Amino acid sequence: MKDDKDVFEILGINSREDSYTELIKNAFDNSKEFKDNFCILFAGYKSDDFELSVRCASVYIDISTKNKEIPDMILYSKNNNELILIENKIFSGEGYEQTNRYSKSIFLESVKMQFEMKDAKFDKFYFITLDGQKAKSDKFVSMSWSNMISDCSKNVVFQDERLKLLMNDLIEKSIHYMNFKEPSGNTTFKHYFKNCKKWVTKSRAFEVAFKNSCKDIAKKYNVEYTFGIQNNRNGEQLLIVFQNQQWIKYSLKAINLNDLSEEELDEYGNCRNIHVELNWTERENRISLFIHYETNPYLKRRELENYPAKLIERYNENKEIFKQKVYRQIPCGWMKVGRFLTVAKTEISIKDDTTWCSIYEWLNTNFDKAFKCIEASLEEIK
């Protein structure tokens, strides 16, 4: 069988973000055409004195505490007195409040001092991800890796053969990622995931495969959906959570319990977050669909026990009413579950010949059952 791994996969650095940052830096330094395209894309103009600094480790917000902030790329021109910050992500998400920290004046001033450009213009910020995801800070402009690479490589001929090889692999990665298609109905579930390579992870393939089905469900039932990942003892678990705003009630996040009367505590005991969750763990060879009833926001059992007894009593009372109502009309093919969060579940086994057509049909049929069951069950909760 032909091995179609690229250089990054062969070297075991396919998921190492810093490798791609360094490659962009090398292309910037060794190709005038690439540099000009890069500057036009991010600065809006080209200038020979633009430089690109990567992973500048000596920038601090607070010198006294040695609190390091290390932006991925700083594009700067001393002649034009301008600094531009570029943060890139591939497989990792944004760090806690990362872009908000990067857009604070105290951080921007420290960068200016680092580059000896204290009066420089510093108001352009970019957040580069595989899908062009939005940064937490509104000051950052979102962009996809695919758009960045295609725009910067336009009409560029790399003279250095090594750089040419690496950049061609990078371009191919971005194209493969953006062009990765959902499976045809007759494609087997397991075969589809064998195409996960380059930047296409199983989570990306999972999202692409289910995205159109989720859109159809969202439109038909007026629900919202989110994709997620969590790790458990059996490995990486891929999730889709479906929610209707009517299934969510009261939030314990924004209240001060000390300010609530007995009557208000009883009222907040009506908090809930009911949702339908689909999850798949590769090792388990099955896809499951759950009806969950939990607090809003989710609290572990131990955390919930810290709340006043009256609130907990009302919450448990409502949850039990909902659970018993579900149990009395449990949909065909579903089973009762008595766990802390889960009320009921159903599943489909993944065999070698299981097709995506059968999975989509199973999801549509059982989501309809779950939705109707939840709606009917909520009628009895005050």
Side-chain angles (χ1 to χ4, degrees), residues 2-57 70-80 82-92 111 115 124-133 140-181 195-201 204:
K2 181 182 177 182
D3 188 349
D4 59 353
K5 291 182 179 179
D6 60 35
V7 173
F8 301 95
E9 292 170 302
I10 292 171
L11 294 176
I13 56 174
N14 185 55
S15 59
R16 188 174 177 270
E17 291 176 356
D18 290 353
S19 300
Y20 302 107
T21 302
E22 292 291 345
L23 179 55
I24 295 297
K25 162 72 170 169
N26 271 274
F28 183 96
D29 289 343
N30 290 284
S31 168
K32 186 179 186 308
E33 293 82 6
F34 185 93
K35 176 179 177 177
D36 287 346
N37 289 342
F38 190 93
C39 293
I40 291 171
L41 179 63
F42 291 105
Y45 61 95
K46 59 184 180 180
S47 176
D48 288 341
D49 92 307
F50 262 119
E51 299 289 342
L52 185 63
S53 174
V54 301
R55 306 292 294 166
C56 185
I70 310 175
D72 288 320
M73 294 187 280
I74 298 288
L75 179 65
Y76 66 98
S77 167
K78 293 199 172 184
N79 285 350
N80 293 284
E82 182 167 18
L83 290 146
I84 298 163
L85 189 149
I86 304 165
E87 184 66 20
N88 69 64
K89 302 290 181 184
I90 295 180
F91 298 123
S92 65
V111 176
F115 287 86
K124 293 176 182 174
F125 312 95
Y126 293 89
F127 190 64
I128 317 298
T129 65
L130 291 178
D131 296 311
Q133 294 170 346
F140 277 72
V141 175
S142 298
M143 187 183 298
S144 72
W145 266 88
S146 177
N147 286 342
M148 178 185 72
I149 295 167
S150 62
D151 286 354
C152 293
S153 300
K154 193 175 297 181
N155 300 321
V156 175
V157 178
F158 294 102
Q159 301 301 318
D160 185 293
E161 290 298 323
R162 295 167 299 179
L163 184 57
K164 180 180 179 179
L165 172 63
L166 290 167
M167 286 303 298
N168 284 343
D169 277 351
L170 185 59
I171 293 168
E172 188 178 327
K173 275 181 182 297
S174 68
I175 293 172
H176 180 258
Y177 184 87
M178 296 307 296
N179 291 342
F180 195 79
K181 298 290 191 297
N195 291 320
C196 294
K197 56 187 178 181
K198 301 184 186 301
W199 278 344
V200 178
T201 61
R204 167 66 177 175

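If you're wondering where the values come from, they're calculated on a predicted model, not measured in any experiment.
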If I compare all heavy atoms of [X] with all of [Y], which pair ends up nearest, and what's the gap?
X   : Y    : result
Y76 : S53  : CE2-CB, 4.1 Å
S47 : S77  : OG-OG, 4.2 Å
I24 : M73  : CG2-SD, 4.1 Å
K35 : F50  : NZ-O, 2.9 Å
E9  : K198 : OE2-N, 2.9 Å
F42 : L75  : CB-CD2, 4.1 Å

Check: What salt bridge (Lys or Arg N to Asp or Glu O under 4.0 Å) pairs are there with at least one residue in residues 124-133, not counting sequence neighbours?
Finding: E82-K124, D131-R204
Checklist line | All side chain to side chain donor-acceptor pair (under 3.5 Å) counterparts of D72, not counting sequence neighbours | finding: R55
Next item on the list: Could you tell me which residues satisfy side chain to side chain donor-acceptor pair (under 3.5 Å) with K78, sequence neighbours excluded, listed by chain and number?
Entry: none
Note to self: Under the rule for ring-ring contact (aromatic ring centres under 6.0 Å, His included), what residues qualify as partners of Y177, not counting sequence neighbours?
What the structure shows: none
Solution key, residues 156-165 side-chain donor-acceptor pairs under 3.5 Å, sequence neighbours excluded:
residue : atom : partner : partner atom : Å
D160    : OD1  : R162    : N            : 2.9
D160    : OD1  : L163    : N            : 3.0
D160    : OD2  : R162    : NH2          : 3.3

Notebook entry, point to check: Which pairs pass side-chain hydrogen bond (donor to acceptor under 3.5 Å, both in side chains) with one or both residues in residues 148-157, sequence neighbours excluded?
Noted result: none
Notebook entry, point to check: What distance do I149 atom CD1 and I128 atom CD1 have between them, rounded to the nearest 0.5 Å?
Noted result: 10.0 Å
Next item on the list: Look up atom SG in C39 and atom CD1 in I84, then write down how far apart they are to the nearest 0.5 Å.
Entry: 7.5 Å
Note to self: Any salt bridge linking K32 with D36? Criterion: basic side-chain nitrogen under 4.0 Å from a carboxylate oxygen.
What the structure shows: yes
Check: Quick one: are T21 and K25 in side-chain contact, heavy atoms under 4.5 Å?
Finding: no
